[in-house]
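Read the structure below first, then the notes.
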Amino acid sequence: MKFDREDLPVGTPVVGMVGGGQLARMTQETAVALGIQLRVLAEGPTVSAAQAVADAPVGDYKDPETVRRFAAGCDVVTFDHEHVPTDLLHSLEADGIAVRPGPDALVHAQDKAVMRARLDSFDAPSPAHQVVETPADVADFAKRVGGFPIILKTTRGGYDGKGVWFVDGPDDAAVAAAFGSGVPILAEEKVDFVRELSAIVARSPHGQAVAYPIVESVQRDGICVEVTAPAPGLAPERAALAQQTALRIAGELGVVGILAVEMFEARDGRLLVNELAMRPHNTGHWSIDGAVTSQFENHLRAVLDLPLGSPAARAPYTVMVNVLGGDVEDMHRGLLHCMARDPELKVHFYGKSVQPGRKVGHVTAYGADLDETRERARHAAAYLTGTIDE
């Protein structure tokens with residue numbers, strides 16, 4: 001169903017979100033509460049967000065005319081993913097359409113080489129890195145950083161561990177695989193890290209910004225499986241440094257909306273920027289149930305230049321565990337057990353069919369005892385996927 005602006009209450013903001021994944025789906029809940037009309041440019045009629053958003057035309061986000069038609073009548077255009085071509089976004093801005101984050105900011109989440117060069121320009125802490133064009137460049141870079149192993153990444157298009165290779169030596173097959181990808185390659189030092197952290201901030205067009213508590217994330221096979229807010233045992237001054245780093249990056253790059261800065265807490269004490277995302281992020285899903293204002297609400301507030309909400313946590317600890325597809329297709333059957341066992345548990349399904357390793361939802365638990373809270377969230381995710389049966 002497509003809405004004409006004349007069908008909406010006077011003054012209703014219309015936000016267009018390119019991409020119909022679970023991020024757009026979760027944004028809809030906030031949009032409904034705030035009386036915002038959310039439009040979604042969906043990849044297909046049954047994708048995650050299209051099941052929840054009435055105005056969800058299907059189209060190719062790489063096609064200029066499709067995107068222009070979608071953007072017409074929107075007060076602002078924002079994103080469920082970072083893959084819309086930069087030149088297309090510049091053309092939208094030239095047409096007078098508000099794009100947030102704008103292409104000059106978003107390119108830093110689209111291209112890792114551009115990101116690293118820009119972060120270097122204002123001394124943001126990063127792993128050692130270099131764009132490499134040949135296997136000889138790879139060997140030279142490894143020598144410069146103290147030897148193998150190192151990491152190779154595609155500069156564009158990688159996600160959830162795809163487009164990333166761990167290289168143990170100059171003859172490692174991963175080198176040929178990386179250069180065979182057809183995309184420019186970035187080499188980075190392999191950081192000896194204690195854990196991975198994420199700093200999420202929201203920033204509005206006029207420069208107001210807020211920072212969420214720093215969280216600890218656990219990755220498995222390149223996929224985020226668990227998030228704990230706040231990061232346990234992180235000294236207050238270290239947490240403040242991570243927040244300040246993310247806020248500085250948001251300001252320097254002119255980000256509008258949510259910015260997620262994924263970081264390594266290195267064993268030698270450094271906090272190093274790993275990746276950037278300029279949209280609601282998996283490491284911020286805990287905020288739906290665990291923060292005063294969710295990342296989705298603050299993203300909408302920011303792109304509409306409304307005052308930002310408090311990012312403060314509602315409980316001493318919140319643990320979010322992703323529900324990944326396994327052998328059980330009907331996960332709803334597990335709700336009876338999970339809800340009866342833990343009435344305070346929150347479950348979010350994304351309307352996706354179950355495939356092995358696919359993110360099909362997440363569960364959130366919160367409380368004062370970290371071990372107990374983790375056990376509750378882990379138990380629920382494991383039961384829903386069929387890993388445990390009691």
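When reading the values below, keep in mind they use all heavy atoms of this one structure, side chains included, and skip hydrogens, waters and symmetry mates.
Side-chain atoms of Arg203 come within 3.5 Å of backbone atoms of Val255 as a donor-acceptor pair (strictly under, hydrogens ignored). Put simply, the side chain of Glu226 never gets that close to the backbone of Val218: no donor and acceptor are under 3.5 Å apart. Under a 3.5 Å cut-off, the side chain of Gln295 and the backbone N or O of Ser287 do not form any donor-acceptor pair. Put simply, the side chain of Ser181 gets close to the backbone of Ala178: a donor and an acceptor are under 3.5 Å apart. Looking at Arg39, its side chain never comes within 3.5 Å of a backbone N or O of Val14 through a donor-acceptor pair. Looking only at distances, a side-chain donor or acceptor of Glu82 sits under 3.5 Å from a matching main-chain atom of Met278. Gln243 places a side-chain N or O within 3.5 Å of a backbone atom of Tyr212 that can act as its donor or acceptor partner. No side-chain donor-acceptor contact under 3.5 Å links Thr364 to the backbone of Lys346. Not a single donor-acceptor pair under 3.5 Å links the side chain of Arg301 to the backbone N or O of Ala202. Side-chain atoms of Asp95 never come within 3.5 Å of backbone atoms of Ile97 as a donor-acceptor pair (strictly under, hydrogens ignored).
Side-chain contact check for Val76 versus Leu304: some heavy-atom pair is nearer than 4.5 Å. Contact annotation: the side chain of Lys359 approaches that of Leu324 to within less than 4.5 Å [non-hydrogen atoms, C-beta and beyond]. Contact annotation: the side chain of Val138 approaches that of Phe179 to within less than 4.5 Å [non-hydrogen atoms, C-beta and beyond]. Looking only at side-chain heavy atoms (C-beta outward), Leu23 and Phe79 stay at 4.5 Å or farther from each other.
Partners of Ser217 by side-chain hydrogen bond (donor to acceptor under 3.5 Å, both in side chains), not counting sequence neighbours, listed by chain and number: Gln219. Partners of Asp289 by salt bridge (Lys or Arg N to Asp or Glu O under 4.0 Å), not counting sequence neighbours: none found.
Heavy-atom neighbours of Arg144 CZ from other residues, nucleotides or ligands within 6.0 Å: above the threshold of 12. Other residues, nucleotides and ligands contribute only 12 or fewer heavy atoms inside 6.0 Å of the CD atom of Glu29. Within a 6.0 Å radius of CZ in Arg333, other residues, nucleotides and ligands contribute 12 heavy atoms or fewer. Within a 6.0 Å sphere centred on CG of Asp327, other residues, nucleotides and ligands contribute 12 heavy atoms or fewer. Annotation for Gln355: atom CD counts as buried by contact number, over 12 foreign heavy atoms lying within 6.0 Å. Heavy atoms from other residues, nucleotides or ligands lying under 6.0 Å from CZ of Phe122 number more than 12.
Contact between Val273 and Pro127 at its shortest, heavy atoms only, is O-CD, 3.2 Å. Heavy atoms only, all atoms of each residue included: Arg248 and Asp123 are closest at NH1-O, 4.2 Å. The nearest pair of heavy atoms linking Ala49 to Arg25 is CB-N, 3.6 Å. Nearest heavy-atom pair across Arg341 and Glu375 is NH2-OE2, 3.0 Å. Nearest heavy-atom pair, Pro230 versus Pro316, reported as atom, atom and distance to 0.1 Å: CD-O, 3.1 Å. Heavy atoms only, all atoms of each residue included: Val261 and Ala246 are closest at CG2-CB, 3.8 Å.
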Discussion item. Test side-chain contact (heavy atoms from CB on, under 4.5 Å) on His285 and Phe296; report intermediate values, then the result.
Written reply: CA-CA 9 Å; His285 291 353; Phe296 298 96; 3.8 Å; yes
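Using modelled atom types, one finds no donor on one side chain facing an acceptor on the other under 3.5 Å when comparing Thr27 with His299. Side chains of Asn282 and His362: no donor on one and acceptor on the other come within 3.5 Å.
Taking CG of Leu88 as the start and CD of Glu65 as the end, the distance is 9.5 Å to the nearest 0.5 Å. Between Ile185 atom CD1 and Lys112 atom NZ the span is 10.0 Å, to the nearest 0.5 Å. From Met320, atom CE reaches atom NE2 of His348 across 10.0 Å, with rounding to the nearest 0.5 Å.
By the 4.0 Å N-to-carboxylate-O rule, Glu216 lies close enough to Arg374 to be salt-bridged with it. Under the 4.0 Å criterion applied to side-chain N and carboxylate O atoms, Asp268 and Arg270 are assigned as salt-bridge partners. Between Arg118 and Asp104, no side-chain nitrogen of the basic residue sits less than 4.0 Å from a carboxylate oxygen of the acidic one, so the salt-bridge criterion is not met. At a threshold of 4.0 Å, the pair Glu188-Arg116 counts as salt-bridged, since one of the basic side-chain nitrogens sits closer than that to a carboxylate oxygen.
Criterion: ILVMFWY side-chain heavy atoms under 4.5 Å apart, direct or through other members. Under it, Leu106 and Leu92 are part of a common hydrophobic cluster. Met331 and Met339 fall within the same hydrophobic cluster, where Ile, Leu, Val, Met, Phe, Trp and Tyr residues are linked whenever their side-chain heavy atoms come under 4.5 Å apart, directly or through other members. One hydrophobic cluster, built from ILVMFWY side chains closer than 4.5 Å, cannot hold both Leu41 and Leu38; they sit in different ones. Ile249 and Leu247 end up in the same hydrophobic cluster when Ile, Leu, Val, Met, Phe, Trp and Tyr side chains are linked at under 4.5 Å. Under the 4.5 Å side-chain contact rule for hydrophobic residues, Val167 and Val132 share a cluster.
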